Amino acid sequence: MLDIRIVREKPDWVRARLASRGSGAEADIDRILLLDEARRKGLAEVELLKAQRNRVSKEIGALMGRKQFAEAEALKVETRQIGDQIGRLDKEVSEGEQQRDDLLLTIPNLPHESVVVGRSAEDNPVVRTFGVKAEFSFTPKPHVALCESLKLVDFARGAKLSGSGFLLYTHWGARLERALIQFLLDLHTQEHGYIEVSPPFLVQRECMTGVGQFPKFVDQAYAVQEGTDGSTLGKLFLVPTAEAPVANIHREEILKESQLPIKYCAYSPCFRAEAGAAGVGTRGMIRVHQFDKVELIKIVDPAHGDAELECLVSDAERVLQLLGLHYRVILLCTGDMGFASAKTYDIEVWAPGQGSYLEVSSCSNCEDYQSRRMQLRFKTESGENRFPHILNGSGTALARLFVALIETHQQPDGSVLIPPPLRPYMRAESIPVVQ
RNA sequence: GGAAGGGUGGCUGAGUGGUUGAAGGCACCUGACUCGAAAUCAGACGUAGUCGCAAGGCUACCGUGGGUUCAAAUCCCACCCCUUCCGCCA
């Protein structure tokens with residue numbers, strides 16, 4: 001969430017930055033300021049009363065000590081009314097604060113100054129590209145056809161088990177999925193210096209709020225309950241990304257400056273309701289309710305936030321380079337960025353069978369937006385507590401990587417060549433044609 | 001799920017209604033002593049909100065949320081978590 005002090009001090013600037021997102025959130029700033037003003041006024045009043053009560057209470061204590069009970073009783077009567085007043089005002093103040101914070105939680109992060117102002121995906125500049133679109137001596141098949149002919153995914157039975165948008169990987173497909181997870185974890189831990197963690201796949205509300213998923217995007221999450229006990233519904237949620245648990249690992253902690261940067265790497269399945277999204281329910285692996293992902297999380301000193309984001313992107317790019325895939329990196333414009341992000345790069349991999357680029361990674365610096373929500377701080381050398389920058393990036397999402405991989409490396413005979421770095425994990429050089 | 005015990009500042013550990021935001025010890029920091037270090041001595045040492053140009057003041061916080069009271073770390077209620085034992089179970 002935004003720093004209320006900045007909202008207070010530079011409301012026009014905040015409104016302007018928010019307006020560049022085109023989400024309309026800037027309209028709520030006035031109400032937030034109003035609530036904040038009222039809260040501070042009430043607070044000053046009630047604290048004065050409390051100070052008064054504390055003073056008198058001490059006097060009463062002293063009188064009791066001297067056994068001057070009559071005097072003590074008189075003061076008690078006097079103070080009782082103050083107590084009632086405090087009770088009323090306290091309630092008023094905390095309600096106002098609640099309203100202010102509830103509203104503040106629905107305000108997205110401010111875009112970084114380097115982000116291009118734009119309205120939609122069409123305004124996103126391409127930052128760089130790697131490799132070229134693969135050339136084929138034949139018409140490359142789309143992944144659905146490849147998956148069927150090579151028996152990599154059983155779409156029909158996946159849907160039978162869980163409905164559309166769920167995949168049943170089979171045979172070499174299941175192995176490829178597992179190999180990719182292993183490959184990605186090894187790459188990031190051994191070559192990029194991330195610490196591997198394996199988090200819970202169900203998280204509490206606080207985690208979702210901490211990363212900015214809630215309250216705004218509750219509809220996109222799967223809420224679970226215990227058996228048929230409706231009272232337990234919504235205590236836990238299936239993770240939409242490992243970011244939800246992993247970024248929250250140090251929630252409500254005060255880290256030492258020397259601990260930074262912290263770099264975590266985690267595999268998790270990702271569950272997304274995709275309510276209202278186009279493309280769910282159609283066949284294929286591009287948009288599904290459950291997919292695997294290896295996520296990268298960094299907690300860093302704000303001074304290094306910008307540089308760490310660049311580094312994060314290149315860590316993710318390395319995956320595609322090693323797998324021999326053509327991709328491009330784009331910078332999301334203000335209108336296309338995610339809720340919590342100040343700056344986001346997307347990596348889009350070329351899928352020749354689709355004839356399009358697929359987003360396989362989204363790398364963001366959320367700056368102190370999430371750390372403020374989750375009360376994660378670090379203590380500087382000089383003893384000051386500050387909010388660190390929290391960055392997240394997919395390293396990478398799997399279903400689409402799977403698509404790009406098989407579409408790019410398909411052979412004239414219908415088999416798929418495995419890129420060398422993946423071969424030890426597959427224990428094979430190619431996925432053979434089914435006889 | 002059942003039983004018992006327990007949750008106090010970075011750690012340890014006192015504290016069962018009244019100058020206790022919290023003794024003592026350890027760690028950390030500053031200073032003195034020392035060529036330097038250790039030891040010793042002295043001091044400082046939680047988080048947040050709010051007011052103030054500042055110095056500083058005030059308020060809140062002893063697992064969480066309620067309650068009793070002039071006053072709660074301390075009493076009452078509910079919940080959460082941890083430990084041990086039992087049961088069930090991958």
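This is a predicted model, so every value here is computed, not measured.
Rounded to whole Å, the separation between the C1' atoms of G6(B) and U12(B) comes to 16 Å. For the C1' atoms, the distance linking U74(B) with G1(B) amounts to 33 Å, nearest Å. Distance check on atom C1': C62(B) versus A22(B) gives 8 Å, rounded to whole Å. Comparing U68(B) with C58(B), their C1' atoms are spaced 26 Å from each other, to the whole Å. Taking the P atoms as reference points, G36(B) lies 25 Å from C26(B), given to the whole Å. Rounded to whole Å, the separation between the P atoms of C79(B) and G2(B) comes to 11 Å. With both ends at atom C1', the span from G9(B) to C28(B) equals 14 Å, rounded to whole Å. A distance of about 15 Å separates the P atoms of G21(B) and G57(B), rounded to the whole Å.
Heavy atoms of Lys379(A) sit under 4.0 angstrom from primed sugar atoms or phosphate atoms, though from no base atom. Residue Lys50(A) is classed as a sugar-phosphate contact, given heavy-atom separations below 4.0 Å to backbone atoms only. Here Ser57(A) lies in heavy-atom contact (under 4.0 Å) with a base. Nucleic acid contact class of Ala51(A) (heavy atoms, under 4.0 Å, all strands): sugar-phosphate only. At a threshold of 4.0 angstrom between heavy atoms, the contacts of Arg372(A) with the nucleic acid are absent. Among the protein residues, Arg55(A) comes within range of no part of the nucleic acid, since none of its heavy atoms lies under 4.0 Å from any strand. The residue Ile60(A) sits close to a base: some heavy atom pair falls under 4.0 Å.
His192(A) and His188(A) have tilted rings, their planes meeting at an angle from 30° to 60° on a 0 to 90° scale.
A sub-4.0 Å separation between OP1 or OP2 of A71(B) and a side-chain N or O of Arg53(A) is present. Taking only side-chain nitrogens and oxygens, Arg40(A) comes nearer than 4.0 Å to OP1 or OP2 of C51(B). Taking only side-chain nitrogens and oxygens, Arg377(A) comes nearer than 4.0 Å to OP1 or OP2 of A48(B). For U59(B), the OP1/OP2 oxygens have a side-chain nitrogen or oxygen of Asn54(A) closer than 4.0 Å.
A side-chain contact (heavy atoms from CB on, under 4.5 Å) with Leu401(A) holds for exactly one of Ile406(A), Leu323(A), Leu176(A), Leu358(A); it is Leu323(A).
With both pairing distances under 3.5 Å, G46(B) is matched to C61(B) as a Watson-Crick or G-U wobble pair. Across all strands shown, G10(B) forms a Watson-Crick or G-U wobble pair with C26(B), both key distances being under 3.5 Å. Of all nucleotides present, none satisfies the Watson-Crick or G-U wobble test against U19(B) with each distance under 3.5 Å. Base pairing of G56(B) is made with C51(B), judged by Watson-Crick or G-U wobble geometry with both donor-acceptor distances under 3.5 Å. When both distances must be under 3.5 Å, the Watson-Crick or G-U wobble mate of G36(B) does not exist.
For the pair Asp84(A) CG and U68(B) P, the computed distance is 10 Å after rounding to whole Å. In this structure, Leu104(A) places its CG atom 15 Å from C1' of G49(B), rounding to the nearest Å. Distance CG (Leu75(A)) to P (C70(B)): 12 Å, rounded to an integer number of Å. Going from atom CG of Asp90(A) over to atom P of G66(B) covers 10 Å, rounded to whole Å. One interatomic measurement links the two molecules: CD of Gln259(A) to P of G10(B), which rounds to 14 Å at whole-angstrom precision. Here G49(B) presents its C1' atom at 11 Å from CD of Gln375(A), a figure rounded to the nearest Å. Computed from coordinates, the Leu49(A) CG to A71(B) P distance equals 13 Å when rounded to whole Å. Between Glu97(A) atom CD and C61(B) atom P there is a gap of 14 Å when expressed in whole angstrom units.
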Quiz item: Going through the distances and angles, do Asp84(A) and Arg80(A) end up as a salt bridge (charged side-chain N to carboxylate O under 4.0 Å, His left out)?
Solution: CA-CA 7 Å; Asp84(A) 294 343; Arg80(A) 201 163 298 155; over 6 Å; no

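Ionic pairing of Glu73(A) and Lys76(A) is present here: one or more N-O contacts between side-chain nitrogen and carboxylate oxygen are shorter than 4.0 angstrom. With respect to the salt-bridge test (charged N to carboxylate O, under 4.0 angstrom), the residues Glu274(A) and Arg287(A) qualify.
Asp346(A) and Ser362(A) form a side-chain donor-acceptor contact under 3.5 Å, judged by distance and modelled atom types alone.
Proximity of the aromatic rings of His250(A) and Tyr264(A) is defined here by a centroid distance below 6.0 angstrom, and this criterion is met. Phe214(A) and Phe237(A) have their aromatic ring centers within a separation under 6.0 angstrom.
Toward the 5' end of RNA chain B, the nearer of the two residues Thr79(A) and Gln52(A), judged by each one's closest nucleotide, is Gln52(A). The residue among Gly61(A) and Lys76(A) whose nearest nucleotide of RNA chain B lies closer to the 5′ end is Gly61(A).
For Met64(A), the side-chain atoms get nearest to G18(B) when compared with the rest of G49(B), G18(B), U47(B).
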